[in-house]
Amino acid sequence: MRALEVVRPGPLALVQDLGRPGYAHLGVPPSGALDVPALRLANRLVGNDEDAAGVECLFGGLSLRAKTSCTIAVTGPAVDVEVDGRAAGSHAPVWVAPGQVVTIGAPATGLRCYLAVSGGIAVDPELGSRSRDVLSEIGPAPLKAGDVLPLGTPSLPGGADVVLPTVAPASLVVPIEPGPRAHWFEDPAAGLAKTWTVTAESNRVGLRLDGPALTREAEYAEQELPSEGLLTGAVQVPPNGLPVVFLADHPTTGGYPVAAVVRRASLPALAQARPGTLLRFHSSTRVWNR
């Protein structure tokens, strides 16, 4: 049997692929890997299609025992990877013999590492995806010790032998565009350009920020919205004025105003933003209040 057995899951380990877009009308978030380039790269290193399912590992601590010979690769931030206690390194394909244990340490920067294995994780898909959605609880449950993950059939080796890892910075400048309710706020571009801090309440649903609260325009101070559709990257502002940046497992509708939208290219960096990371939003758009 081609499979991996979970020895230790670490703080949180989830099966993720590129998600299940297209089901917002059913109330189902897109889900999928938060750091999409990292999962795509890991799959290329082991010879998989880029959309194969792997394991998203939050802050390391994951140990897996190979039930068959396979090739693994770990990407995301730089992290220690060991095979039976011997250093193997991240961002490179590593061959693993049956019975050997792969262990991922805690990254020095960033939050989420991605483990791909030749053949991909072949759990049963739901709505066309093998991703775990933590909001609606669709997809395979968070991994626990003793779980056995079936693997698909491996294909040809990857096209890269080694790739330099990225370093997650301690502060971010995040490009945004005006949201549909930017006009609800006093000078929203300037307010969002101030320094925000990522809080420990952040998760795959959204990045919660602390800082100088945004103030609504007087005419909208007591007004509420009917629920509106939400996109990944929407910067929603609840009544306390502290923004929430929605990530892949976000709700598909929401009743608080969306002041801005993060450009898609910046979402992988937000996936690696630890609590305490400093963040400023930046827009090149001149007119915000519409």
Side-chain angles (χ1 to χ4, degrees), residues 16 18-19 21 24 29-40 56 76-77 109-112 131 133-135 166-185 187-214 225 227-238 240-290:
Q16 296 290 344
L18 298 186
S31 195
L34 291 191
D35 189 341
V36 169
L39 178 62
R40 289 183 184 274
E56 181 182 88
T109 66
L111 273 180
R112 294 175 171 90
S131 287
D133 171 3
V134 301
L135 184 65
T166 58
V167 176
S171 62
L172 294 169
V173 177
V174 179
I176 52 173
E177 299 293 343
R181 302 293 173 177
H183 60 285
W184 278 45
F185 299 93
D187 200 354
L192 290 168
K194 295 178 180 178
T195 300
W196 302 90
T197 303
V198 177
T199 73
E201 288 71 36
S202 303
N203 55 23
R204 284 182 50 86
V205 175
L207 211 65
R208 295 186 177 274
L209 305 177
D210 192 17
L214 296 181
L225 283 168
S227 290
E228 298 181 317
L230 291 173
L231 296 173
T232 305
V235 182
Q236 189 187 70
V237 185
N240 64 6
L242 302 178
V244 179
V245 184
F246 282 122
L247 302 180
D249 288 358
H250 65 82
T252 56
T253 61
Y256 297 136
V258 173
V261 179
V262 172
R263 294 181 183 176
R264 183 167 295 274
S266 294
L267 294 175
L270 296 182
Q272 301 296 352
R274 293 184 177 189
T277 298
L278 302 180
L279 183 154
R280 290 189 303 108
F281 296 104
H282 171 73
S283 174
S284 58
T285 302
R286 293 182 178 274
V287 180
W288 270 68
N289 290 311
R290 298 193 292 264

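For the pair F281 and V235, the minimum side-chain heavy-atom distance is below 4.5 Å. Looking only at side-chain heavy atoms (C-beta outward), L39 and L18 come within less than 4.5 Å of each other. Between L242 and R208, the closest side-chain pair of non-hydrogen atoms is not below 4.5 Å. Considering only heavy atoms from C-beta on, Q16 comes within 4.5 Å of R204 through its side chain. L172 is listed as a side-chain neighbour of L270, based on a closest heavy-atom distance under 4.5 Å. Inter-residue side-chain proximity for T197 and L279 is flagged as unmet; no heavy-atom pair is nearer than 4.5 Å. With a 4.5 Å cut-off on side-chain heavy atoms, V174 and R280 do not count as touching. Taking the side chain as every heavy atom from C-beta outward, L209 and P243 approach each other to under 4.5 Å.
No donor-acceptor pair closer than 3.5 Å links the side chain of R181 to the backbone N or O of A259. In this structure, R264 contributes its side chain and G233 its backbone to no donor-acceptor pair below 3.5 Å. Put simply, the side chain of Q236 never gets that close to the backbone of G254: no donor and acceptor are under 3.5 Å apart. Proximity of a side-chain donor or acceptor of H282 to a complementary backbone N or O of V173 within less than 3.5 Å is not detected.
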Pair V262-L267, side-chain contact (heavy atoms from CB on, under 4.5 Å): steps then yes or no: CA-CA 7 Å; V262 172; L267 294 175; 4.2 Å; yes
Test log, rule side-chain contact (heavy atoms from CB on, under 4.5 Å), inputs R263 and I176: CA-CA 6 Å; R263 294 181 183 176; I176 52 173; over 6 Å; no
Verdict with supporting geometry, D249 and S31, side chain to side chain donor-acceptor pair (under 3.5 Å): CA-CA 5 Å; D249 288 358; S31 195; 2.9 Å; yes
Residues L135, H250; criterion side-chain contact (heavy atoms from CB on, under 4.5 Å); working and verdict: CA-CA 7 Å; L135 184 65; H250 65 82; 5.9 Å; no
F246 and L207: CA distance, side-chain angles, deciding distance, side-chain contact (heavy atoms from CB on, under 4.5 Å) verdict: CA-CA 6 Å; F246 282 122; L207 211 65; over 6 Å; no
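One finds the CG atom of D35 at 4.5 Å from the CD atom of Q272 (value rounded to the nearest 0.5 Å). Taking CD of E201 as the start and CG of D210 as the end, the distance is 9.0 Å to the nearest 0.5 Å. Remark: K194 NZ to L214 CG distance equals 8.5 Å, nearest 0.5 Å.
Nearest heavy-atom pair across S266 and P175 is OG-CD, 3.0 Å. The two residues V244 and G206 have their closest heavy-atom pair at CG1-CA, 4.3 Å. Nearest heavy atom pair, residue A273 against residue L111, reads O-CD1, 3.3 Å. Minimum interatomic distance between V237 and Y256 (heavy atoms only, all atoms of both residues): O-CB, 3.7 Å. Taking each heavy atom of G19 and S131 in turn, the nearest pair found is N-OG, 3.7 Å. The minimum heavy-atom distance between P212 and W196, with the atom names listed, is O-CH2, 2.9 Å.
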